[in-house]
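Presented below is the structure to which this report refers.
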Number of protein chains: 2
Amino acid sequence: MKTKKRITIYDIAEKLNITASSVSRALNNSNHVNEATKNLVLKTAAELNYKRNVLASNLRMGKTKTIGVVVPRINQNFFSNVIAGIEDATYQKGYNLIICQSNESRDKEIKCINTLMNQHVDCIVISVSVESDDHSHLKNVLDQGVQLIQFDRVADELETLKVINDNEQASMEAVTHLIEQGYKRIALLEGPQNLNIFRQRKTGYLKALKNFNLPVISELVIENAWTKELGAAATRKLLSLPEPPDAIFASTSDFSALGVLDVAHAMHIKVPSELGILGYANEPFTELTTPSITTIDQFSVNMGKTIANLYFEEMENKEVVVTPKVISIKPELIIRASTRKKR
Amino acid sequence: MKTKKRITIYDIAEKLNITASSVSRALNNSNHVNEATKNLVLKTAAELNYKRNVLASNLRMGKTKTIGVVVPRINQNFFSNVIAGIEDATYQKGYNLIICQSNESRDKEIKCINTLMNQHVDCIVISVSVESDDHSHLKNVLDQGVQLIQFDRVADELETLKVINDNEQASMEAVTHLIEQGYKRIALLEGPQNLNIFRQRKTGYLKALKNFNLPVISELVIENAWTKELGAAATRKLLSLPEPPDAIFASTSDFSALGVLDVAHAMHIKVPSELGILGYANEPFTELTTPSITTIDQFSVNMGKTIANLYFEEMENKEVVVTPKVISIKPELIIRASTRKKR
DNA sequence: TTTGGAATGGCAATCGATTGCATGAATTTA
DNA sequence: TAAATTCATGCAATCGATTGCCATTCCAAA
């Protein structure tokens, strides 16, 4: 390991017989240096292959051009897409990304936040874990003066920048679609209601029913069916009711919709003629199942880019105190075979 | 933004009427402090909610407890799984992860490496982009004394730590399986041959044919068919041959296998009876297609953990100059419907 | 000729934590 | 009792970059 000593501004200064101050000013394009020396410094810096020591710079400046991202799971399609979007946009501005996963655990989430704060990130982007009810750790971030942007799963009560989907609207459109296809007894698989996205989706479901004067049948609303397994279990229960549903809206995820489909297959129930299935998130696999699954696309990569750009905008007019900004992205219903009852 | 000033070791020192040196020693559990003062410092630090300024520490120490990861695409299942695995293992050791994506571009890859080097990461983990033939930018990393770990797609000629899959073996097993199922004219969709993983998979294919004394039919080997679209195009070409293949090994990815399947469906060719299909990577969707696709699992999350642990091992015995270590993970053939010709 | 101001650039402190060396006290050994 | 150790702590430099303040030079206006 022959670690040759890195070139510093002092090396440049020495070579040019000036002080480090001037070198620094030249490199930062300050107008407190002569144009000639500025060029000289730039030229020498290039020659010596000088690289600014960001560690020193960060310490001095108190900022790191780094954004911390906390998601429940990195390897979940929606989240990895959002991250890809963020990376794409931040990269262009010379920002770095530190990624943490909370594994849906409140404890780990808190630790992630602490780590990121210790790293002095300039901004934290988070989609909260399912366990996180109390958001004091997020409040801390704000108190420390660090920018906080929530996305997708957000804590409503915290006044932060937010980038969300219009879950209610999407859900309403989805259920409306089911009704228009002629489904009459529509079941809802709902997610943990402490997360607002799942509450909103439920609201959309209820509103759609109301719009068409359909009754809300409580036995058709299943709590906490947000994994493939839970979705399957819920479906078994639903389909063995005296009056089973003729459609199931897995408002939690495409994975639970997949559980529904599996059970339907196993019970030889025809989809979509006997049972309509609708998922959420437009996971890649939804167009590959037989039948393909109708679902809702959240424009996840785009969401990531929006988050990044929101941050940069805020940075630019940081003096102006804006009311907490919320950007809502309208998701799109992707109609596929699993709900095409009418031909 | 009421940024209360952070507590530093000087604040603790002042409060206890000692110097910052002693505080630092106490916090670092040095044995150059009295046990009593050490405890006192620890207690006061906790009371004042002291957090070490890692920026300052990093500058002084010249290391950052940060690992940089460069992958072609964050939101590709294999890579996001590997990242998840790395995160999981590094998190426990208090390390951070900076993630970059090269987007399969050599230019971007170089920029990523530079960024990470500027950030003084302790280690760079990379799976090279398809465009990267010349690896001088990686050599640079080594020259600067930064640990470099390659995985999956590796530059053979660079003497670094490597974590790879035994592609040749896996490929051979896959083709052997096809032969044993009774397929006789087995086509190969191969990837860009500048990447060693694709060369190895081809070698495996050739070896399997040889083992069974089957001829290599050059028109059944299609170059550069590594996306869904290219896989589909290749399939159309193959199936319109005077003597078409009875099986296609999409050695590049499950996506190209998906392209094969699509074309087979469109041409009303029965899978697996008339055409066997075999993919690579065990993407989640492969068990959801009709028929489900036989593929090769790479234990991606586990691969990530292996990478992280390899780094930590190396750290511990850094004095010992070990010959560049290569860890090869044996992938597993997942046999599904798309190749079950015999019943 | 004098004065005022702009343009340059140097000095030194600062951002916090770490650490080699020195000092002085306490303890042990001869 | 004197010399030799050990132990605890302080001092000051260091890691590089940044920046407020001051000093000098030079030119233009009065």
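Residue numbering restarts at 1 for every chain, and letters A, B, ... go by the order of the sequence lines.
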* Looking at B:R106 and B:D134, does any basic side-chain N land under 4.0 Å from a carboxylate oxygen? ->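 Answer for the salt bridge query: yes.
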
* To do: Considering only NZ, NE, NH1 and NH2 on the basic side and carboxylate oxygens on the acidic side, decide whether B:E104 and B:R153 come within less than 4.0 Å.
  =>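 Here B:E104 pairs with B:R153 in a salt bridge, since their nearest N and O are under 4.0 Å apart.
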
Regarding [X], tell me which of base, sugar-phosphate or nothing describes its non-hydrogen contacts under 4.0 Å with the strands shown.
{"X": "A:D11", "answer": "nothing"}
{"X": "A:N31", "answer": "nothing"}
{"X": "A:N58", "answer": "nothing"}
{"X": "B:S30", "answer": "nothing"}

May I ask you to evaluate whether [X] reaches the phosphate of [N], defined as a side-chain N or O under 4.0 Å from OP1 or OP2?
{"X": "B:Y10", "N": "C:dT14", "result": "no"}
{"X": "A:N34", "N": "C:dT8", "result": "yes"}
{"X": "A:T8", "N": "D:dG16", "result": "no"}
{"X": "B:S57", "N": "C:dA17", "result": "no"}

* To do: Would you jot down, in residue-number order, the residues of residues 115-124 of chain A having a non-hydrogen atom under 4.0 Å from DNA chain C?
  =>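 Output list: empty, so none.
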
* Asked: With no hydrogens and no angle check, do the side chains of B:N28 and B:R52 hold a donor and an acceptor under 3.5 Å apart?
  ->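 Yes, B:R52 and B:N28 have a side-chain donor paired with an acceptor closer than 3.5 Å.
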
Atom [atom1] of [X] and atom [atom2] of [N]: how far apart are they, to the nearest Å?
{"X": "A:L27", "N": "D:dG16", "atom1": "CG", "atom2": "P", "result": "15 Å"}
{"X": "B:H32", "N": "D:dG10", "atom1": "NE2", "atom2": "C1'", "result": "14 Å"}
{"X": "A:N28", "N": "C:dG9", "atom1": "CG", "atom2": "P", "result": "15 Å"}
{"X": "A:E14", "N": "D:dG16", "atom1": "CD", "atom2": "P", "result": "14 Å"}
{"X": "B:K63", "N": "D:dC15", "atom1": "NZ", "atom2": "P", "result": "18 Å"}
{"X": "A:N29", "N": "D:dA17", "atom1": "CG", "atom2": "P", "result": "17 Å"}
{"X": "A:K51", "N": "D:dA17", "atom1": "NZ", "atom2": "P", "result": "13 Å"}
{"X": "B:I9", "N": "D:dT14", "atom1": "CD1", "atom2": "C1'", "result": "13 Å"}

* Could you tell me which residues satisfy salt bridge (charged side-chain N to carboxylate O under 4.0 Å, His left out) with B:K43, sequence neighbours excluded, listed by chain and number? =>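 Once residues adjacent in sequence are excluded, the partners of B:K43 under the salt bridge (charged side-chain N to carboxylate O under 4.0 Å, His left out) criterion are B:E47.
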
* Asked: Of the candidate nucleotides C:dG16, C:dT19, D:dC11, which contains the atom at the shortest distance from the side chain of B:S24?
  ->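 Between C:dG16, C:dT19, D:dC11, the one nearest the side chain of B:S24 would be C:dT19.
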
* Shortest side-chain distance from B:Y50, nucleotide among C:dT8, C:dG10, C:dA17 ->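 Comparing C:dT8, C:dG10, C:dA17 against the side chain of B:Y50, the answer is C:dA17.
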
* Check A:S129 against A:L195 and note the closest heavy-atom contact, atom names and distance. =>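 Here A:S129 and A:L195 meet closest at O-CD2, 3.9 Å.
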
* Asked: Do you know the tightest heavy-atom contact between A:L138 and A:L158?
  ->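 That would be CB-CD1, 3.4 Å.
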
* Asked: Which residue, A:A20 or A:M61, contacts DNA chain C at a nucleotide closer to its 5' end, judged by nearest heavy atom?
  ->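 Upstream on the strand: A:A20.
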
* By nearest nucleotide on DNA chain C, pick out whichever of B:L55 and B:S22 is the more 5' one. =>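 Looking at DNA chain C, the more 5' nearest nucleotide goes with B:L55.
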
* Taking the inter-plane angle between the rings of A:F151 and A:F78 on a 0 to 90° scale, is it parallel (under 30°), tilted (30 to 60°) or perpendicular (over 60°)? ->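 Taking A:F78 first and then A:F151, their aromatic rings sit tilted (interplane angle of 30° to 60°).
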
* Side chain B:S21 and base C:dT19 donor-acceptor under 3.5 Å ->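 Yes, the side chain and the base share a sub-3.5 Å donor-acceptor pair.
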
* Asked: Are B:K108 and A:Y91 in a cation-pi contact, defined as NZ or CZ under 6.0 Å from the six-membered ring centre and within 45° of the axis?
  ->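 Yes, a cation-pi geometry holds between B:K108 and A:Y91.
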
* To do: Map A:L59 and B:R25 onto DNA chain D by nearest heavy atom, then report which one ends up closer to the 5' terminus.
  =>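 So the residue in question is B:R25.
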
